[in-house]
Amino acid sequence: MAYDPQELESRWQKAWSDEGVFQAEIDESKPKFYCLEMFPYPSGHMHMGHVRNYSIGDAMARFHRLMGKNVLYPMGYDSFGMPAENAAKKAGGHPNEVTHSNISSIRSDQERMGYSYDWRRFLATSDVEYYRWNQEMFLTLNEKGLVERRMAPVNWCVDCDTVLANEQVKNNRCWRCGLEVVQRDMAQWFVRMTEYSDELLDELDNITFPENVKAMQRNWIGRSHGAHIDFAIDGSDSLIGVFTTRPDTIFGATFVTLSPEHPLCEELCLGTEWEQGWRDLREECARMSEFERINMLKEKKGVFLGRNAINPINDEKIPIYAGNFVVSSYGTGAVMAVPGHDQRDFDFAKRYNLEIRQVLLEKEDSAPSQELTHAFEGYGQMVNSSVQGFDGLSGDNAKDAVISALEEKKSGHGTVEYRLKDWLLSRQRFWGTPIPMIHCDSCGVVPVPREDLPVELPLDVVFTEEQSGNPLESHDSFVLTKCPSCGKDAKRETDTMDTFYDSSWYFMRFCDANNETSPFDREAVDYWMGDGVDLYIGGIEHAVMHLLYARFFTKFTRDSGMNEVGEPFGRLVCQGMLNAPAPYCVDCNTEYHVDNFDLDCPSCGKKLSTRSAKMSKSLGNTVSPEEMVSRFGADTVRLFILFGANPEAGMDWSDSALEANHRQMFSLIDAVDAALELSDSPSDIDDWLMARMRANQKKWVEAMSEVSLREGVMISHFEMLSDWNWYLRRGGRDRVTAMRFLQEWIPMIAPATPHIAEEFWKKIGHEEIIAKFVMPILDANPSDVRVLALENYIKEILSSGRNLRTLAERHSEAEITKVVIQISPEWKRDLASEAISLHQRGFDFKEKGQSHVKSLEAFKDESTRGEVFQAWNSITIGGKKTRGRIHTWLEGERELISARVNEVEVIKDNSDFIATSLGVDTVEVFIAGEAEDVGGKARISFPLEPGIAFV
RNA sequence: GCAGGGGUACCCGAGUGGUCAAAGGGGCUGGGUUUAGGUCCCAGUGCGUAGUGCUUCGCAGGUUCAAAUCCUGCCCCCUGCACCA
């Protein structure tokens, strides 16, 4: 068959679309499977990372359809966001046009790959049909008290001209453009996600996310249990509230440290000799870039504020410092310093000559050390407590005792702190969902009434490059409105929503994408989202942000009665990186652009080597999917991607491997072509082929169900082809068998390479397309084990025969013309089957094996007694390093031995094949002892391991 | 520093007590069939050897009759978080 992937693939893509096979509807009679990929931001074209993501998802969607599931597999676009706005500014257009042209281009790339999406459910978050529901649900959030507008110091990116959420700041830099972030005080909209902190954290234990994702989320939420303690200030009514996770160390507190930004600092030192020192420290901290601050913080620095605090547990007076290592945004911005048991405090105390007191024992029953050389940060028994009743307590008991003592004194309580902050939702940008709020001079902030939704983004905005800020602000027909409450002139909110809001519920919208009266119908969501999305595939970069927001949102909609589930995603798969070679300097540990291949290192001048690095534009080591598809076809690219590595593993791009996979496509075609040309000529090997097929099908279903796509593809596209080739090599020529084999095999080819599978399916005479087919799973025949074991026996003989032949050649002067095979003598087979049946009954060979063998018939002949004894041992117990054969024989081998398969006959039946394969003219076979012992091989023979000699 | 994941033959990559000198693929080597060039098929690819042996799965120890696999320590790589109290 001539293979023209371009023609063939587009023909089948059209057939799928014409038949509407991928359109999913609720069907309670079938188990559902919701397969979802993280929807893309529509930049110009699909890149290889997308190809990997969707090829995994599509294979899984197609697999589950084959298994008879009702599969929901949608695609849409996360199309709000800054790149479109920036592109519009550059080109003088409107982000809406840019976005739609990008969507149609990436969509056609996806269609060319043959992904089996239900395109009726297409959505773009920047379309008003979608974002109006963002606004609707925002109102619901607001009604539930989960929306808050407050002044807040925010992370501001000057370049992007917008505020950033904490999650969007990496190393004090904007996650998008990399510019350093500055702090600004602004009125901002927040979603009170922290209401759900506990559930978001605790539920992680019950969901099947990869461990690293769970760890990142736990880390991000950052719950710590501890105590809030109020330190009174000597000569003042103010209190210093501190948060500590280690109330058990309270007796070791020898000073208190405030962050330099702490409001109490000024109050404490104002007008004293200490004031200037504090001001300098605060200035220094505020002025410094993040980079400098991290470097400087290795050196702990602080100033005395001139006053003392009173430790509430023992009324001890301790000095108050301001320290550069205390962070104002965590806890209360104040720390009780315990230099004996906190390394930072230890370093600080050393520097400023403050008292270091040991109040916990590092080892049980040891004496307190005289001079500490480091802080002991672990848990231990309390010592040196200046109040009775604490010494000897440790760990949680110690903490609890201190907390209750503090509670009694009304100067502290047990508490929980979170690192998670509320979700800063507002963005000062145009291309996002307008926040449906109105500012009225008399009524304040008023929500837009539901019946007035949607608040649409105006399309008549002109974008220019000089423009800065949000063009909505100067768009009068958008801004000027009436107050819904008092009817007077008012102004619309011009902030738009963070785009993570859009992606926080799109998976529910997909369940009911064309609903015109609500975000989604509860019945649809409860059906498709039962136990969450069954398979969610995407990049690890969304581990904290998107995946946490989406989890929060689902819990909020659940609590608003919109859906049943509280966790949106069942199985989450984070695909690995796609790498390609890049020039690399070992000394500088730096990768360079591909233009530098074979050149010297630009910075140190050494010769560059290569190493594999994440595909990226900046290194230029990307591969264009379009080019690969036009050269090899979508099926080859998909095969390469899936076979190259399991979904979660990283994978290296390789042109030669891609070409090898292309050749594999031709091999598959040749196999099917050959099968179609056979005539009716049944033979013994037919049973073997079918037995292999059944065994492979079982393994394949298991692998695919576990999303072990690499293993699945290995079986369907490689092992089954090898089986087929072996079948032909063994003289298999039966048309009926071949057709039955193809009937089962071709569906297994379909998930990874669906187009060629359709072509094959049609060739073997099916009128219906394979995309509609539900694959029956065959049970193994009772005889399969034996059939497979017999063929394996032949393969083993060939394998050891080949090894021995090369050795024999060295020892033989003459040309080798014959192989002599000596089958194990009767008495060894008796021993073997005796041992097998004893083994099945749980016989203890170590304990009773020796006496048993002595009772056997074979043992009676004194001349062979020693040999019998040896054979028995190697069957049952084995040597020092090898176990007895009883343990190593496979199930099928045991069956062959127990059933006394006539090995002589098996060899004779296959002697032509063996002769050809071993390159000899004749095969002579007999039971050892019944003819001349050629080469002394009789001794070696065992059941299923004949002695082999070449002459 | 903390957390998560890793280190397997020339390369990529399976493999979590014995059936393991270790799947599969790539590459390389040899043989066959063709040579209409998408070749295709077969074999080999740690050392040794007329077969059961030796060495190897980051390094060093240990448990076991038996370790790539379990335990301890160490080294290195990746990812995330980070004076988080």
Side-chain angles (χ1 to χ4, degrees), chain A residues 2-3 170-171 210-216 218-220 222 224 226 242-246 249 257 293-294 297-298 300 323-327 329-338 342-345 347-348 417-419 540-541 543-544 577 612 632 643-646 648-652 654 656-667 669-670 708 710-711 713-715 718-719 722 725 728-729 798-812 846 874 877-885 887-891 893 917 919 935-937 940 942 945 947-950:
Chain A
Y3 181 41
K170 308 258 169 190
N171 295 327
E211 274 314 309
N212 56 341
V213 174
K214 287 191 185 185
M216 280 189 251
R218 285 196 185 103
N219 207 332
W220 191 260
S224 44
V242 306
F243 171 73
T244 177
T245 55
R246 298 298 302 274
T249 63
T257 319
R293 188 159 178 171
I294 287 170
L297 283 179
K298 287 180 180 143
K300 287 151 189 67
N324 62 358
F325 60 95
V326 179
V327 183
S329 62
Y330 186 80
T332 60
V335 181
M336 83 175 187
V338 184
D342 182 291
Q343 192 59 41
R344 289 160 308 169
D345 297 339
D347 296 343
F348 192 87
E417 277 289 325
Y418 300 90
R419 193 175 163 282
I540 188 73
E541 65 272 21
V544 213
M577 297 277 180
S612 117
F632 299 105
F643 185 59
N646 259 329
E648 278 163 329
M651 116 177 238
D652 286 359
S654 151
S656 60
L658 182 70
E659 282 159 28
N661 281 286
H662 194 50
R663 289 200 296 272
Q664 194 73 14
M665 295 296 293
F666 285 103
S667 304
I669 291 166
D670 288 345
S708 299
R710 193 192 137 81
E711 201 187 324
V713 166
M714 196 165 99
I715 294 166
F718 290 83
E719 282 183 14
S722 308
N725 287 330
L728 293 179
R729 204 176 146 202
L798 292 187
S799 166
S800 42
R802 271 189 209 105
N803 285 335
L804 292 167
R805 196 185 196 285
T806 54
L807 299 179
E809 278 162 8
R810 282 185 231 160
H811 292 256
S812 162
K846 267 190 184 159
S874 84
I877 298 182
K880 192 165 178 68
K881 279 185 102 175
T882 49
R883 289 208 302 170
R885 285 177 171 75
H887 302 284
T888 58
W889 277 321
L890 300 172
E891 188 197 352
E893 290 171 331
S917 300
K937 300 298 179 188
I940 303 168
F942 249 91
E945 297 166 58
I948 299 170
F950 286 89

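Below, read A as the first sequence line, B as the second, and so on, with proteins coming before strands; counting in each chain starts at 1.
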Mark yes or no for whether [X], through its side chain, and [Y], through its backbone, hold a donor-acceptor pair below 3.5 Å.
X	Y	result
A/Arg246	A/Asp342	no
A/Asn646	A/Glu648	no
A/Ser708	A/Glu711	no

What is the distance, to the nearest angstrom, from the [atom1] atom on [X] to the [atom2] atom on [N]?
X	N	atom1	atom2	answer
A/Met651	B/C12	CE	P	14 Å
A/Glu541	B/C78	CD	C1'	16 Å
A/Asn324	B/A82	CG	P	18 Å
A/Gln343	B/A85	CD	P	15 Å
A/Asp652	B/G27	CG	C1'	14 Å
A/Ile669	B/U39	CD1	P	14 Å

List for me each residue that meets side-chain contact (heavy atoms from CB on, under 4.5 Å) alongside [X], sequence neighbours excluded, and say none if there are none.
X	value
A/Ala334	A/Ile240, A/Val242, A/Leu258, A/His262, A/Thr332
A/Leu658	A/Met628, A/Phe632, A/Thr636, A/Phe640, A/Trp653
A/Ala660	A/Arg663

Between [N] and [M], how many Å separate the two [atom1] atoms, rounded to a whole number?
N	M	atom1	answer
B/G44	B/G4	C1'	42 Å
B/A68	B/U56	P	9 Å
B/G7	B/G15	C1'	15 Å
B/G5	B/G51	C1'	43 Å
B/C70	B/G18	P	11 Å
B/A50	B/A60	C1'	40 Å
B/G80	B/G30	P	46 Å
B/C57	B/G13	C1'	13 Å

**Report entry** Nucleotide opposite B/A82 in a Watson-Crick or G-U pair, distances under 3.5 Å
**Finding:**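 Its partner: none found.
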Side chain of [X] only, heavy atoms from C-beta on: which candidate in [options] is closest?
X	options	result
A/Asn646	B/A43, B/C40, B/A14	B/A14
A/Arg663	B/A82, B/U39, B/A85	B/U39
A/Phe666	B/A43, B/G38, B/G80	B/G38

Using the 3.5 Å cut-off, write out each protein N or O paired with an N or O of nucleotides 2-6 of chain B and the distance between them.
{"unit_1": "B/G4", "atom_1": "O2'", "unit_2": "A/Asn212", "atom_2": "N", "d": "3.4"}

Extract from the structure each pairing of a protein N or O with an N or O of nucleotides 46-52 of chain B at less than 3.5 Å, listing the distance.
{"unit_1": "B/A50", "atom_1": "OP1", "unit_2": "A/His811", "atom_2": "NE2", "d": "3.1"}
{"unit_1": "B/A50", "atom_1": "OP2", "unit_2": "A/His811", "atom_2": "NE2", "d": "3.0"}
{"unit_1": "B/A50", "atom_1": "O5'", "unit_2": "A/His811", "atom_2": "NE2", "d": "3.4"}
{"unit_1": "B/A50", "atom_1": "O2'", "unit_2": "A/Lys937", "atom_2": "NZ", "d": "2.8"}
{"unit_1": "B/A50", "atom_1": "N6", "unit_2": "A/Phe950", "atom_2": "N", "d": "3.4"}
{"unit_1": "B/A50", "atom_1": "N6", "unit_2": "A/Phe950", "atom_2": "O", "d": "2.2"}
{"unit_1": "B/A50", "atom_1": "N1", "unit_2": "A/Phe950", "atom_2": "N", "d": "2.5"}
{"unit_1": "B/G51", "atom_1": "N7", "unit_2": "A/Lys937", "atom_2": "NZ", "d": "3.3"}
{"unit_1": "B/G51", "atom_1": "O6", "unit_2": "A/Ile948", "atom_2": "N", "d": "2.8"}
{"unit_1": "B/G51", "atom_1": "N1", "unit_2": "A/Pro946", "atom_2": "O", "d": "3.4"}
{"unit_1": "B/G51", "atom_1": "N1", "unit_2": "A/Ile948", "atom_2": "N", "d": "3.3"}

Requested in this report: Give one of base, sugar-phosphate or nothing for A/Arg802, where a contact means two heavy atoms less than 4.0 Å apart.
Outcome: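 Sugar-phosphate, no base atom in range.
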Query - Where protein sits on nucleotides 19-25 of chain B, one letter per nucleotide: B base, S sugar-phosphate only, - none, heavy atoms under 4.0 Å - result: B---BBS
Query raised in the report: Does a side-chain N-to-carboxylate-O contact under 4.0 Å join A/Arg885 and A/Glu893?
Result: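 Result for this pair is no, no salt bridge flagged.
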Query raised in the report: Mapping A/Asn725 and A/Gly650 onto RNA chain B by nearest heavy atom, which one lands closer to the 5' end?
Result: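 Checking each residue's closest nucleotide, the 5'-ward one belongs to A/Gly650.
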Query raised in the report: Starting at the 5' end of RNA chain B, which residue's closest nucleotide do you reach first, A/Ala649 or A/Ile540?
Result: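 With A/Ala649 and A/Ile540 compared, the 5'-side residue is A/Ala649.
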Query - Side-chain donor/acceptor of A/Asp670 to base of B/G38, under 3.5 Å - result: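 Yes, the side chain and the base share a sub-3.5 Å donor-acceptor pair.
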Query raised in the report: Are any non-hydrogen side-chain atoms of A/Phe950 and A/Thr806 less than 4.5 angstrom apart?
Result: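 No, too far: nothing below the 4.5 Å cut-off.
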